[in-house]
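Some notes on the structure that comes next.
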Amino acid sequence: MSHDHTSELGHVRPWRHIERRKSRQIMVGSVPVGGGAPITVQSMTNTPTSDAAATIDQIRRLEEAGADIVRVSCPDEDSTAAFRTIAREARVPLVADIHFHYKRGIEAAQAGAACLRINPGNIGSPDRVREVIQAAKDHGCSMRIGVNAGSLERDLLEKYGEPCPDAMVESALNHARILQDHDFHEFKISVKASDPFLTVAAYQQLADAIDCPLHLGVTEAGPLRTGTIKSAIGMGSMLWAGIGDTIRVSLAADPVEEIKVGFDILKSLGLRHRGVNIIACPSCARQGFNVIETVGILEEKLAHVTTPMSLSIIGCVVNGPGEALYTDVGFTGGGKGAGMVYLNGKTAHKLANEGMIDHLVELVEAKAAELDAARAAAAPAPAPTLALEPAE
């Protein structure tokens, strides 16, 4: 049994329980969003969509990193033409990003988009909106209404004076009403800003105003380090409050990093689990080995393990044994060039610092295989298929 107790924290430690906002559920292709479904992690390609091969290659890297959904820009006809090939090759549902050109929305729906990201208010006349909605209905697409503080409608900016939570929520609800008036309810909404204060306030207000799933994000968050921090503060506070059904971390970095950060945010709150959760001390003069270097190498060598599990790497015996009680595999630094290995919270054997990394990788891989086998054994058996007698 795994010692990563995050899945049961709400039962045994009520102070770590997150009560998720209740929303209706929609489907993005085969992926459920909202209605109690696992919170999904998504990113967006930055290759020219018209270059199908490059875009497929980037989608493949995002899939390998764990992406549940990938968004692809469709700014022109060449992009929607390539989208058909891209959608056919993708293993995850694709969202077509549409702005201004209603025909691109129709073409993307026809080409295999699972979802259209639009603002109904910026794609033209009511007739054009109706055509896009009909294309979504005809091809089983859901939609995302994407409101950004940087592109609010002029009348709302005149009314409120500046981007503010009231303006963003009013924009979102106006757009939602357009879809609802056409009897289209398979939509989710985002209300993003680069300011986490504005973002959080807008989502809190929106969460109370409508029951559709919410797509979270702090838009244009910045470079990898600062963008990660800003996203973790903004999205983390909303997720902690139970708000959010799918997330995108917006970083000026490789899109794969967005997926990694997204999962790390969810893992830290016990909301999603993928891969090895490494618990490590910041290191100090008491360390019995080079903690920082060891953790960096282990993180790289264990990137291929997708099984949810935990590993503690602690430099000395002050906190090491205590942390190891709650992890699947642990190593605590000691003296004379050796430390102690823990398995399932119990002392296992001494281990020399030399060769420690390879041995820990082997232990983690073995534990992952054990957990996978136990999970497979516990899974319900598929329903038997009934053979039909041939008609006489």
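Shortest non-hydrogen contact noted between Ser171 and Leu156 is CB-CD1, 3.5 Å. Considering every non-hydrogen atom in both Leu116 and Val95, the closest pair reads C-CG1, 4.4 Å. Residue Ile292 comes nearest to Ser283 through the heavy atom pair CD1-OG, 3.8 Å, listed as atom of the first residue, atom of the second, then distance. Across every non-hydrogen atom of His101 and Ile98, the tightest pair is O-CG2, 3.6 Å. The heavy-atom pair separating Glu107 from Thr80 by the smallest distance is OE1-OG1, 2.7 Å. Taking each heavy atom of Ala193 and Ala149 in turn, the nearest pair found is CB-CB, 3.7 Å.
Val191 is not listed as a side-chain neighbour of Gln205, based on a closest heavy-atom distance of 4.5 Å or more. No side-chain heavy atom of Cys212 sits less than 4.5 Å from a side-chain heavy atom of Ile26. Residues Thr199 and Thr219 fail the side-chain proximity criterion, which asks for heavy atoms closer than 4.5 Å. In this structure, Ser23 and Asp245 have side chains that are in contact, with non-hydrogen atoms separated by less than 4.5 Å. Between Ile279 and Tyr326, the closest side-chain pair of non-hydrogen atoms is not below 4.5 Å. With a 4.5 Å cut-off on side-chain heavy atoms, Lys188 and Cys115 count as touching. A 4.5 Å side-chain heavy-atom check between Val218 and Ser194 finds every atom pair outside the cut-off. At a threshold of 4.5 Å between non-hydrogen side-chain atoms, the residues Leu239 and Ile18 do not count as touching.
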(request) Take Met44 and Ser73 through the test side chain to side chain contact (heavy atoms under 4.5 Å, CB included) and record every step on the way to the result. (result) CA-CA 8 Å; Met44 187 173 183; Ser73 288; 3.0 Å; yes
(request) Just do the side chain to side chain contact (heavy atoms under 4.5 Å, CB included) check on Glu186 and Met143 with the steps written out, would you? (result) CA-CA 6 Å; Glu186 292 294 301; Met143 290 191 185; over 6 Å; no
(request) Test Val70 against Thr45 for side chain to side chain contact (heavy atoms under 4.5 Å, CB included), laying out the working first. (result) CA-CA 7 Å; Val70 174; Thr45 56; 3.8 Å; yes
(message) Test side chain to side chain contact (heavy atoms under 4.5 Å, CB included) on Lys367 and Leu311; report intermediate values, then the result.
(response) CA-CA 10 Å; Lys367 184 63 182 178; Leu311 167 67; over 6 Å; no
(message) One pair to check against side-chain hydrogen bond (donor to acceptor under 3.5 Å, both in side chains): Thr246 and Thr40. What are the steps and the verdict?
(response) CA-CA 5 Å; Thr246 184; Thr40 51; 2.6 Å; yes
Only distances under 3.5 Å count here; give the side-chain donor-acceptor pairs of residues 299-306 to other protein atoms, sequence neighbours excluded, each with its distance to 0.1 Å.
from   : atom 1 : to     : atom 2 : distance (Å)
His304 : ND1    : Lys301 : O      : 3.1
His304 : NE2    : Glu365 : OE2    : 2.9

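Between the side chains of Thr55 and Thr49, no donor-acceptor pair is found at a separation under 3.5 Å. At a cut-off of 3.5 Å, with distance as the only test, a side-chain donor of Arg144 or Ser190 sits close to an acceptor on the other residue.
Pro213 pairs with exactly one of Arg21, Gln25, Arg24 by the side-chain contact (heavy atoms from CB on, under 4.5 Å) rule, that one being Arg24.
For Asn148 (side chain) and Gly150 (main-chain N/O), no donor-acceptor pair under 3.5 Å exists by modelled atom type. Ser142 places a side-chain N or O within donor-acceptor distance of the main-chain N or O of Met27, the cut-off being under 3.5 Å. Using modelled atom types, no side-chain atom of Asp57 and backbone atom of Ala53 make a donor-acceptor pair closer than 3.5 Å. Proximity of a side-chain donor or acceptor of Asn353 to a complementary backbone N or O of Gly288 within less than 3.5 Å is detected. Of the possible polar contacts, one joining the Gln58 side chain to the Asn46 backbone as a donor-acceptor pair under 3.5 Å is found. Without hydrogens or angle criteria, Ser268 side chain to Ile265 main chain gives a donor-acceptor distance under 3.5 Å. Looking at Arg272, its side chain does come within 3.5 Å of a backbone N or O of Ile39 through a donor-acceptor pair.
The residues Glu131 and Arg128 are annotated as not salt-bridged, no charged nitrogen and carboxylate oxygen being separated by less than 4.0 angstrom. Ion pairing between Arg61 and Glu64 fails under the 4.0 Å rule for side-chain N and carboxylate O. Salt bridge annotation for Asp68-Arg274: absent, with no cationic side-chain nitrogen under 4.0 angstrom from a carboxylate oxygen.
Tyr203 is linked by a ring pair (Phe, Tyr, Trp, His ring centres under 6.0 Å) to nothing, counting only residues two or more places apart in sequence or in another chain.
Linking ILVMFWY residues whenever their side-chain heavy atoms come closer than 4.5 Å, directly or via other members, places Ile133 and Ile189 in the same cluster. Cluster membership check: Leu271 does not share its hydrophobic cluster with Val31, using side-chain heavy-atom separations under 4.5 Å among Ile, Leu, Val, Met, Phe, Trp and Tyr. Criterion: ILVMFWY side-chain heavy atoms under 4.5 Å apart, direct or through other members. Under it, Val33 and Met235 are not part of a common hydrophobic cluster. Leu152 and Val200 fall within a single hydrophobic cluster, where Ile, Leu, Val, Met, Phe, Trp and Tyr are joined by side-chain heavy atoms under 4.5 Å apart, directly or via other members. Under a hydrophobic-cluster definition in which Ile, Leu, Val, Met, Phe, Trp and Tyr are linked whenever side-chain heavy atoms come within less than 4.5 Å, directly or via other members, Leu343 and Ile314 are assigned to different clusters.
The salt bridge (charged side-chain N to carboxylate O under 4.0 Å, His left out) contacts involving residues 281-294 comprise nothing, where partners must be two or more places apart or lie in separate chains.
Atom CD1 of Ile118 sits about 8.5 Å away from atom CD1 of Ile178, to the nearest 0.5 Å. The structure places NE2 of His215 at 4.5 Å from CD of Gln42, a figure rounded to the nearest 0.5 Å. With values rounded to the nearest 0.5 angstrom, Leu224 atom CG is found 10.0 Å from Glu258 atom CD. Taking CG from Asp76 and CZ from Arg104, the interatomic distance works out to 7.5 Å, rounded to the nearest 0.5 Å. The line from CG of Asp166 to OH of Tyr160 is 5.0 Å long, rounded to the nearest 0.5 Å. Note: Gln110 CD to Asp138 CG = 9.0 Å, rounded to the nearest 0.5 Å.
Lys350 NZ: 12 or fewer foreign heavy atoms inside a 6.0 Å radius.
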